[in-house]
Chemist: 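My structure is below; once you've seen it, I'll send some questions.
Letters go in sequence order (proteins before strands), and every chain restarts at 1.
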Amino acid sequence: MAASPIGMNRFYTILGAVAVVGIGLLGYQLSKPATVSIPANVTVQPSDTAGFRGYVKGSDSAAVEITEYADYQCPFCQTFATLQMPTIDERLIKTGRLRWRYRDFPLQQHPYSRIAAHSAACADEQGKFWPQHERIYEGQSEWAESRDGADIFRRYAREVGLDLAKYDACMSSGKYAGRIQASYEEGARAGVSSTPTLLVGGRLYQGRFDSDAITRLVDSLAPRATSAR
Amino acid sequence: MNYRMGAAVLSLVGLFVSAYLYLYKIGRIGTLACGTGGCETVQTSVWSRFAGVEVSLIGIVGYALLFAVAMAGLRPAQTARRWPAQLLAALAGGGVLFTIYLTYLELFVIHAICRWCVGSAVIIVGLFALALLGLRRTD
């Protein structure tokens, strides 16, 4: 059943054509530019910040408020968000002792920080900032090395149950670029230079934190009420 | 073209389909070209991994093996041998069983159809058919 030389030639021609078409199509897909980009050099307008002072969780009556300036692509922020925040959430925020305010501080060296922040802002429009925020941090190792982070954030948006048509429109508009920049500038004015940085009662805390350190800090600022004996 | 040539061409097409899905999964490609929108649902579901490995990566390895066997079976010294046809049938048969499982997941668990997965299913069934015909030919 050996093929004739003519048969083999025809076979190699077909195989070569399939290879060229396949490699060509994959190459085209790989070379397509990223679908969304969020500019960093926007001029902040008053309307960008009107009424907005970060994403807040926790009781309005909590005795302590911590503002976190963070960057989605920063590895320490990722560790803090995924390993420490769940404990802080359970121990301090849900018990009404602490109110947490998250502010964007996208660092220059991280190409996807602003897109990530914008994705979370678009999720906020649909009342799902925190699920998207957590999903973005959880997936940092996946998108930080990818070619098109925006597409991965869109996948997360689907996973957390966002209306994708609204999400796409929001992302394409880049409407929160100014707000993200405003948050960055506000942080810089307050003295933030690295992430994560916590702002507590006018004092800045920079570096690595764990949930125990945050608990001690909250305890020192608002001692726990002791039960009567 | 004989059956092994057909198997080589089909497995190369399957290899590109799997590579496309894998590149999407690891974030190297933007949105998938998929009219129904079901591709993203399937590809982002927990069932897009099998035993901790991306299904599309399993596809790449499977089609690469099929391609290698088909090409090896076309070498003059092997054309009269039966083992390439047997190995092709075994590999493609495994692929068909895996595809049945994945299609079941799409239809009854995920409730979404990915056109690229359907394309891959057609390719693997075609490969299995060619392998069986090749086996009969070498009886």
Chemist: Less than 4.0 angstrom from a charged side-chain N to a carboxylate O is my criterion; do A:K128 and A:D163 meet it?
Modeler: no
Chemist: Chain B heavy atoms under 4.5 Å from A:L25: which part of the residue, side chain, backbone, both or neither?
Modeler: neither
Chemist: Is it the side chain or the backbone of A:A19 that comes within 4.5 Å of chain B heavy atoms, both, or neither?
Modeler: both
Chemist: A:C122: what forms a disulfide bond (SG atoms under 2.5 Å apart) with it, not counting sequence neighbours?
Modeler: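 A:C122 satisfies disulfide bond (SG atoms under 2.5 Å apart) with A:C170 only.
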Chemist: If we define contacts as heavy-atom pairs under 4.5 Å, which of B:M71, B:Q78, B:R75 has the most with chain A?
Modeler: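 Of the options given, most contacts go to B:M71.
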Chemist: For residues 124-132 of chain B, please give each side-chain donor-acceptor pair under 3.5 Å, one per line with the distance, not counting sequence neighbours.
Modeler:
none

Chemist: Decide yes or no for A:I214 and A:L198: does some side-chain heavy atom of the first lie under 4.5 Å from some side-chain heavy atom of the second?
Modeler: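 Yes, at least one pair of side-chain atoms sits under 4.5 Å.
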